[in-house]
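Below, read A as the first sequence line, B as the second, and so on, with proteins coming before strands; counting in each chain starts at 1.
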Amino acid sequence: MNAIKKLPPPTNHLIASELPIYIEKQLKSHSRYILCYKHLLNQHRNTFVKRDTLIDTEQRVALILTAMEKGFRIEFHTLMNLKRSYESTLFNLREEMQGKLGSAIRVNSNRDLGNLLFNNLGLSPLRRTPTGNSSASIDVLERLRDSYSDVYPFLKSVIEFKNAQSLIKSVKTISKKLDLQDRIHPEFNHSTCPTGRIYSYIQNLPKEVRKVLIPDEEGNAFIELDWSQQELRILAALSQEPVFLDCLDRNEDLHKRVISEMFHKPIFEVKDEERKIGKTINYALIYGQEAPGLSWKLNIPLKKAQELIDQYFLSLLMIRKFKDESRERFLSEGYSETAFGRKTQLDLIGSKRARELRRGFNHIFQGTGADILRMTLVRLNEALVGQMAKLKFCAHDAIYIEAKEELSEEIGELAKSIMEIEFKGVRLPVTVKIHNNLSMGD
DNA sequence: CCAACTGGCGCC
DNA sequence: AAATGGCGCCAGTTGG
């Protein structure tokens with residue numbers, strides 16, 4: 001086994017504990033973000049940021065986030081209508097479940113649910129939670145429903161109930177966060193995630209509920225700018241895998257192309273069913289997923305899953321090489337680094353080793369994506385000076401701008417041209433959509 | 001009664 | 001060990 005050394009932070013990098021000193025000087029009036037950086041001190045995972053990156057980008061990002069925390073106006077009566085409609089759905093489903101089951105059940109408690117399914121009804125557990133209990137989460141319930149729909153029709157209602165319940169939870173979350181003017185504020189956290197991602201609870205509002213978030217003024221619209229398949233393109237660029245590069249050059253579908261390569265058939269013969277498999281494997285790679293995970297995800301035998309993975313690496317040799325070399329680097333250097341120098345220390349000693357190696361591999365893509373987002377926020381912010389438009393929100397691979405509706409096409413094109421950078425020879429294309437609320441068009 | 005934890009779910 | 005990375009939030013549960 002390789003000797004694992006614990007190395008000091010690389011030169012030209014600040015250790016997290018130095019951050020507050022720099023930030024405090026620059027950002028006297030934005031105490032919240034100084035605080036955020038201070039939280040880094042208590043982090044168990046060390047993160048390092050390049051000195052110039054910090055000064056050029058991080059503090060500007062902090063200012064931009066502060067501005068975006070002005071937040072959203074919400075349509076209060078729409079929120080209440082949603083709430084009422086979910087409540088009545090829940091009421092009906094509760095009746096339905098009890099009818100089918102013959103007794104009441106507390107669906108909220110997965111423990112009760114698990115007892116019912118795996119003790120009282122004697123079904124065999126499909127999966128366990130980390131503490132060893134039988135999992136009764138939605139995806140398990142769906143598998144059970146598919147197998148036992150005739151015997152246990154209440155399973156269908158339970159799933160619908162859970163779905164409706166998660167929606168009503170989101171409504172509650174919003175209601176709790178409203179200020180006196182019925183505005184909701186993102187509260188971006190940009191310092192806790194080791195990969196550099198910026199987080200806000202608004203990002204994980206269900207899309208259906210996000211539509212209550214509307215522009216500040218009548219006649220304004222949201223411009224949504226999305227990088228398409230950002231992480232996969234980063235993978236293509238960093239690995240220089242010829243199949244990926246060729247595919248992107250020709251503007252072909254990446255997931256279909258993977259299947260086409262793996263099974264040696266022309267791309268136009270790849271069916272949508274197979275494309276799904278290609279997509280699952282592509283993302284599995286980025287997450288460091290292995291055969292057991294893939295077999296659960298695709299609902300196929302373990303052996304089949306392993307064969308798929310083997311075939312994937314056999315067809316995409318440069319990706320395999322990139323993965324192997326990354327692993328070697330993690331082991332010799334002790335940390336994982338993004339394309340722009342954001343590093344995260346890996347804990348490679350002990351039981352977490354395998355997990356840390358997966359995290360390290362994922363850090364490359366997730367972190368590089370996060371770097372790109374941060375730099376782009378800064379560039380966009382500058383480009384929008386003097387325009388009738390403002391940065392509104394961001395979510396990992398998407399940026400939202402609010403602008404006058406008549407100007408939104410034009411501003412959208414401007415923003416798109418700024419976001420569509422070329423990254424190591426790979427273009428990162430952006431899709432533009434205009435919305436009247438935060439989730440859906442029109 | 002509160003705080004911390006667990007399991008689950010939402011988004012990317 | 002969900003043998004898929006990241007986070008935030010909720011309800012339920014447990015311990016003080």
field: For Leu248(A), side chain to side chain contact (heavy atoms under 4.5 Å, CB included) partners two or more places apart
entry: Arg233(A), Ala236(A), Leu254(A), Val426(A)
- prompt: Is the distance from OP1 or OP2 of dT6(B) to the nearest side-chain N or O of Thr129(A) less than 4.0 Å?
  reply: no
message: Just to verify, what does Phe330(A) make a ring-ring contact (aromatic ring centres under 6.0 Å, His included) with, not counting sequence neighbours?
response: none
- request: Could you list the residues that satisfy side chain to side chain contact (heavy atoms under 4.5 Å, CB included) with Asp216(A), not counting sequence neighbours?
  value: Lys70(A), Arg73(A), Arg183(A), Lys390(A), Lys392(A), Glu402(A)
- request: Return the residues of residues 79-98 of chain A meeting this criterion: a heavy atom under 4.0 Å from some atom of DNA chain C. Order them by number, or give none.
  value: none
statement: Per the under-4.0 Å heavy-atom filter, residues of residues 165-174 of chain A near DNA chain C come out as Lys169(A), Lys172(A), Thr173(A)
field: Aromatic ring proximity His435(A)/Tyr400(A), centre distance under 6.0 Å
entry: no
Short N/O separations, protein against nucleotides 13-16 of chain C, under 3.5 angstrom:
from, atom 1, to, atom 2, distance (Å)
dT13(C), OP1, Ser109(A), OG, 3.1
dT13(C), OP2, Arg106(A), NH2, 3.0
dT14(C), OP1, Arg111(A), NH1, 3.2
dT14(C), OP1, Arg111(A), NH2, 2.5

query: Hey, can you pull the residues of residues 293-307 of chain A with a non-hydrogen atom under 4.0 angstrom from DNA chain C?
result: Gly293(A), Trp296(A), Lys297(A)
statement: Among dC12(B), dA2(C), dG5(C), the one nearest any side-chain atom of Asp139(A) is dA2(C)
- prompt: Donor-acceptor pair, Glu187(A) side chain versus Glu69(A) backbone, under 3.5 Å?
  reply: no
message: Among dC9(C), dG10(B), dG6(C), which nucleotide has an atom closest to any side-chain atom of Arg359(A)?
response: dG6(C)
field: Spacing of the C1' atoms in dA4(B) and dT4(C) (rounded, Å)
entry: 27 Å
- line: When pairs are called at under 3.5 Å and a stem needs at least three consecutive Watson-Crick or G-U pairs, the stems of DNA chain C are B:1-12 with C:5-16
- prompt: Okay, side chain of Arg374(A), backbone of Gly196(A): is any donor-acceptor separation there less than 3.5 Å?
  reply: yes
query: Under 3.5 Å, is there a donor-acceptor pair between the Asp310(A) and Gln306(A) side chains?
result: yes
message: Of the options dT4(C), dG6(C), dA2(C), whose atoms approach the side-chain atoms of Tyr199(A) most closely?
response: dG6(C)
- prompt: Of all the choices, dC12(B), dC10(C), dC9(B), which nucleotide is nearest to the side chain of Lys176(A) once you look at every atom?
  reply: dC10(C)
query: Considering residues at least two apart in sequence or located in another chain, which fulfil the salt bridge (Lys or Arg N to Asp or Glu O under 4.0 Å) criterion with Glu273(A)?
result: Lys276(A)
- prompt: Atom CG of Asn362(A) to atom C1' of dC7(C): distance rounded to whole Å?
  reply: 12 Å
- prompt: According to the 5.5 Å centroid and 30° plane-angle thresholds, does Tyr201(A) stack upon the nucleobase of dG8(C)?
  reply: no
task: Please report the C-alpha distance between Tyr199(A) and His396(A) in whole Å, then the side-chain angles of each, then the deciding distance to 0.1 Å, and finally whether the ring pair (Phe, Tyr, Trp, His ring centres under 6.0 Å) criterion is met.
output: CA-CA 8 Å; Tyr199(A) 280 96; His396(A) 310 316; 4.8 Å; yes
field: Check: Met375(A) and Val61(A) side chains under 4.5 Å, non-hydrogen atoms
entry: no
task: Only counting residues at least two apart or in another chain, list the ones meeting ring-ring contact (aromatic ring centres under 6.0 Å, His included) with Phe361(A).
output: Phe365(A)
statement: With the side chain defined as heavy atoms from C-beta on, Gln289(A) is closest, among dA2(C), dT4(C), dG6(C), to dT4(C)
message: Taking the side chain as everything from C-beta on, heavy atoms only, tell me whether Tyr201(A) gets closer than 4.5 Å to Ile184(A).
response: yes
query: Does Asp347(A) offer a backbone N or O that forms a donor-acceptor pair with the side chain of Glu356(A) under 3.5 Å?
result: yes
message: If the condition is ring-ring contact (aromatic ring centres under 6.0 Å, His included), which residues does Tyr312(A) pass it with, not counting sequence neighbours?
response: none
- prompt: According to a strict under-4.0 Å criterion, is Lys207(A) in side-chain N/O contact with OP1 or OP2 of dC12(B)?
  reply: yes
- prompt: What side-chain hydrogen bond (donor to acceptor under 3.5 Å, both in side chains) pairs are there with at least one residue in residues 283-300 of chain A, not counting sequence neighbours?
  reply: none
- prompt: Considering only dC11(B), dA2(C), dG8(B), which nucleotide approaches the side chain of Arg127(A) most closely?
  reply: dA2(C)
message: Any side-chain N or O of Ser135(A) below 4.0 angstrom from OP1/OP2 of dG8(B)?
response: yes
message: OP1 or OP2 of dA11(C) versus the side-chain N and O atoms of Asn108(A): is any pair under 4.0 Å?
response: no
Side-chain N,O (Arg358(A)) to OP1/OP2 (dT4(C)) below 4.0 Å: no
- line: Taking dC11(B), dG8(B), dT4(C) as options, the one with an atom nearest any side-chain atom of Pro206(A) is dC11(B)
message: Using modelled atom types and a 3.5 Å cut-off, is there a donor and acceptor pairing between side-chain atoms of Ser239(A) and backbone atoms of Ile319(A)?
response: no
task: Could you check how far NE2 of His185(A) sits from C1' of dG8(C), rounded to whole Å?
output: 18 Å
query: Could a donor-acceptor pair under 3.5 angstrom be found where the side chain of Asn204(A) meets the base of dG8(C)?
result: yes
